[in-house]
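Shown next, in structure tokens, is the structure this report addresses.
Since we're looking at a predicted model, the values are computed, not measured. We name chains A, B, ... by the order of the sequence lines, and we start the count at 1 in each one.
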Number of protein chains: 2
Amino acid sequence: MSQMQNVERQLREMILGLEIGPGERLTERWIESRFGASRTPVRAALLRLETEGLIGRDGRGWTVAPINLAELGQIAVYREAVEVAAVRLTAALEDRSGIDVIAAMLDSCDAETPREEWHRVGMDFHIELARLSGNEFLLRAVRDAMTRLSRARWLEVRDEKALGRAWAEHHAILAAVRSGDAEEAARLLSDHIAGSRDRLVASLHDDRRGLRARGFAVVAA
Amino acid sequence: MSQMQNVERQLREMILGLEIGPGERLTERWIESRFGASRTPVRAALLRLETEGLIGRDGRGWTVAPINLAELGQIAVYREAVEVAAVRLTAALEDRSGIDVIAAMLDSCDAETPREEWHRVGMDFHIELARLSGNEFLLRAVRDAMTRLSRARWLEVRDEKALGRAWAEHHAILAAVRSGDAEEAARLLSDHIAGSRDRLVASLHDDRRGLRARGFAVVAA
DNA sequence: GATACCATTTTGGTATACCAAATTGGTATC
DNA sequence: GATACCAATTTGGTATACCAAAATGGTATC
């Protein structure tokens with residue numbers, strides 16, 4: 001594990017965990033002193049985070065990517081395309097063992113589970129489902145999309161009922177995959193993604209003043 | 001245009017143009033002397049090319065990505081997902097002017113057009129069609145897929161008849177988009193991509209000995 | 001030929017100096 | 001307050017030195 005990878009991982013965690021907020025300036029010298037690394041691995045880490053869309057350029061300097069409401073809609077279209085393609089492949093597979101693993105992962109979440117874990121499992125459901133497709137490009141696309149959505153999903157106000165509904169939808173998708181019904185799985189997944197996007201955009205839009213009050217950059221376009 | 005961007009652009013061109021062949025070793029010091037740059041911008045350029053899938057790691061060193069026949073199949077599935085999603089969005093648009101630009105681009109190719117231009121326009125057709133969708137993620141996915149396919153498509157043995165057929169398919173897709181028939185456009189595009197993949201894989205598989213004789217790394221998995 | 005050993009060379013990770021470009025903050029003027 | 005000017009500071013692009021890890025090639029042995 002090189003220094004570069006360490007810095008990249010830690011920065012990613014700080015950004016996704018909102019310790020460094022959307023829109024914040026990032027300077028190489030700050031990162032160096034923060035992580036006790038020299039400029040070379042820091043710069044390499046920044047380059048990699050840039051390609052993940054977590055940071056971008058502001059003039060010459062670096063900033064953390066803002067929460068972009070318009071982008072959420074575009075990502076939803078993108079994820080629907082790649083996730084549905086993946087779930088069709090997965091539903092055609094004979095080996096169902098991977099589905100059981102995912103179901104167990106979903107079931108590991110209960111009333112005692114911390115919110116962070118619910119958040120992670122909710123995203124991993126999609127990533128792991130795509131992994132079962134065996135298509136590396138679809139997997140990477142889904143993982144990329146979930147990373148880009150991670151902060152927004154975390155900021156979304158969700159109650160127990162919403163979580164319960166999402167989990168029920170997850171299970172329904174798994175059931176369709178398990179029974180080899182690719183059309184049904186695709187339809188359920190499409191609906192799930194669309195519903196998820198609508199609730200997400202509405203929640204963040206309603207709460208944008210509150211988010212901005214916390215210093216987060218929230219942009220509409 | 002920084003040194004890093006210059007090195008990245010030139011390296012990409014050399015790789016896509018097969019001046020540096022699939023599987024070849026790349027060392028930072030060679031690149032430095034080749035382009036008269038120092039290590040820092042060279043390393044940054046390498047990192048970026050790595051995320052584009054054009055180069056990868058061989059142990060600690062760098063190599064140009066091989067021609068991977070299995071990957072071609074996976075990319076085809078991926079491109080179908082994202083290109084079809086994009087063409088559906090585009091077919092729903094009221095503004096058809098972008099379609100005319102693409103049609104004109106296709107028509108710019110004739111018997112006098114050098115092969116390089118046919119190659120570029122053939123790929124740009126897909127990229128520009130995706131651009132019309134207005135979805136940045138779909139556009140980037142299509143561009144990424146075409147970049148990864150570029151070398152293989154160049155190496156594919158194609159005669160005038162094959163090119164003519166591909167161009168007719170391009171025009172048919174455009175016509176469906178122009179008439180707002182998203183289903184027809186999606187179907188035609190899917191068929192086009194599947195046909196294209198089958199011919200590509202078959203051509204490269206048939207010619208793999210010849211390619212290896214040229215020093216190109218061609219792998220099946 | 002195959003294998004082991006070892007000295008030498010190569011290579012990528014890192015640290016740091018230098019410098020131009022950009023930013024910031026203070027001051028003056030209206 | 002708004003605007004202009006400018007010195008000081010900050011910041012990222014680049015160059016280069018250092019070093020550990022990896023690779024290479026020669027030699028010895030079976």
Side-chain angles (χ1 to χ4, degrees), chain A residues 1-16 18-66 212 215-217 219, chain B residues 1-16 18-66 212 215-217 219:
Chain A
M1 175 71 69
S2 67
Q3 271 196 61
M4 186 271 281
Q5 289 170 325
N6 237 332
V7 171
E8 183 193 351
R9 178 181 56 77
Q10 290 179 79
L11 266 183
R12 183 189 295 109
E13 285 170 8
M14 290 181 76
I15 291 168
L16 293 183
L18 297 165
E19 289 178 59
I20 310 176
E24 275 191 57
R25 285 300 308 274
L26 268 188
T27 68
E28 299 176 353
R29 267 84 179 195
W30 179 82
I31 298 167
E32 290 171 58
S33 60
R34 184 70 170 72
F35 298 119
S38 65
R39 282 188 70 201
T40 308
V42 164
R43 292 170 61 77
L46 286 171
L47 279 173
R48 294 182 74 103
L49 291 172
E50 184 186 25
T51 64
E52 297 181 47
L54 294 184
I55 63 176
R57 293 289 191 161
D58 179 20
R60 220 172 52 121
W62 300 97
T63 61
V64 177
R212 287 190 183 129
F216 293 160
V219 299
Chain B
M1 176 73 65
S2 66
Q3 270 197 58
M4 184 271 281
Q5 289 171 325
N6 236 332
V7 172
E8 182 193 351
R9 179 180 56 76
Q10 289 179 80
L11 266 183
R12 181 189 295 111
E13 283 169 9
M14 289 181 76
I15 291 170
L16 293 183
L18 297 164
E19 290 178 59
I20 309 174
E24 275 190 57
R25 286 299 308 275
L26 269 188
T27 67
E28 299 176 354
R29 266 85 179 197
W30 179 82
I31 299 167
E32 289 172 60
S33 60
R34 184 70 172 67
F35 299 118
S38 66
R39 282 187 68 203
T40 308
V42 164
R43 292 171 60 77
L46 286 171
L47 279 174
R48 294 182 75 103
L49 290 171
E50 183 186 26
T51 64
E52 296 179 48
L54 294 184
I55 63 177
R57 292 288 191 163
D58 179 18
R60 219 169 56 117
W62 299 97
T63 62
V64 177
R212 287 191 184 128
F216 294 161
V219 299

By the 4.0 Å heavy-atom rule, please label A:L26 as base, sugar-phosphate, or nothing. sugar-phosphate
Spacing of A:R39 atom CZ relative to C:dA17 atom C1', expressed in whole Å: 10 Å
Between B:R48 and B:E52 (salt bridge meaning N to carboxylate O under 4.0 Å), is one present in this structure? no
Return yes if the base of C:dG12 and the side-chain atoms of B:R57 contain a donor-acceptor N/O pair under 3.5 Å, otherwise no. no
Start at the 5' end of DNA chain C and walk down; is the nucleotide closest to A:D58 or to A:S2 reached first? A:S2
Counter-base of C:dC30, judged by Watson-Crick or G-U geometry with both distances under 3.5 Å: D:dG1
Whole-Å distance, B:E8 CD to D:dG13 C1', equals 15 Å
Can you measure B:R43 atom CZ to C:dT14 atom C1' for me and round it to whole angstrom units? 8 Å
Under the side chain to side chain contact (heavy atoms under 4.5 Å, CB included) test against A:L54, which residue among A:L46, A:V64, A:L49 passes? A:L49
Separation between CD (A:E8) and CG (A:L47), nearest 0.5 Å, reads 10.0 Å
Taking the nucleotide of DNA chain C with the closest heavy atom to each, which residue, A:R29 or A:R60, is nearer the 5' end? A:R29
Protein-nucleotide distance (B:R25, atom CZ; D:dA23, atom C1'), rounded to Å: 9 Å
Distance check needed: D:dT14 C1' versus A:E28 CD, whole Å only. 11 Å
Provide, to the nearest angstrom, the distance between the CD atom belonging to A:E50 and the C1' atom belonging to D:dG12. 13 Å
Could you tell me the separation between the CG atom of B:L49 and the C1' atom of C:dG12, rounded to a whole number of Å? 17 Å
Any strand is fair game: report the nucleotide pairing with C:dC18 by Watson-Crick or G-U wobble, both distances under 3.5 Å, or none. D:dG13
Report which part of the nucleic acid A:T40 touches: base, sugar-phosphate, or nothing (heavy-atom distance under 4.0 Å, all strands). base
Contact between B:I20 and B:L11 at the side-chain level, heavy atoms closer than 4.5 Å - yes or no? yes
Less than 6.0 angstrom from the centroid, inside 45 degrees of the normal: does A:R25 satisfy that with respect to the ring of A:W62? no
Starting at CG of A:L46 and ending at P of C:dT14, how long is that distance when rounded to a whole Å? 14 Å
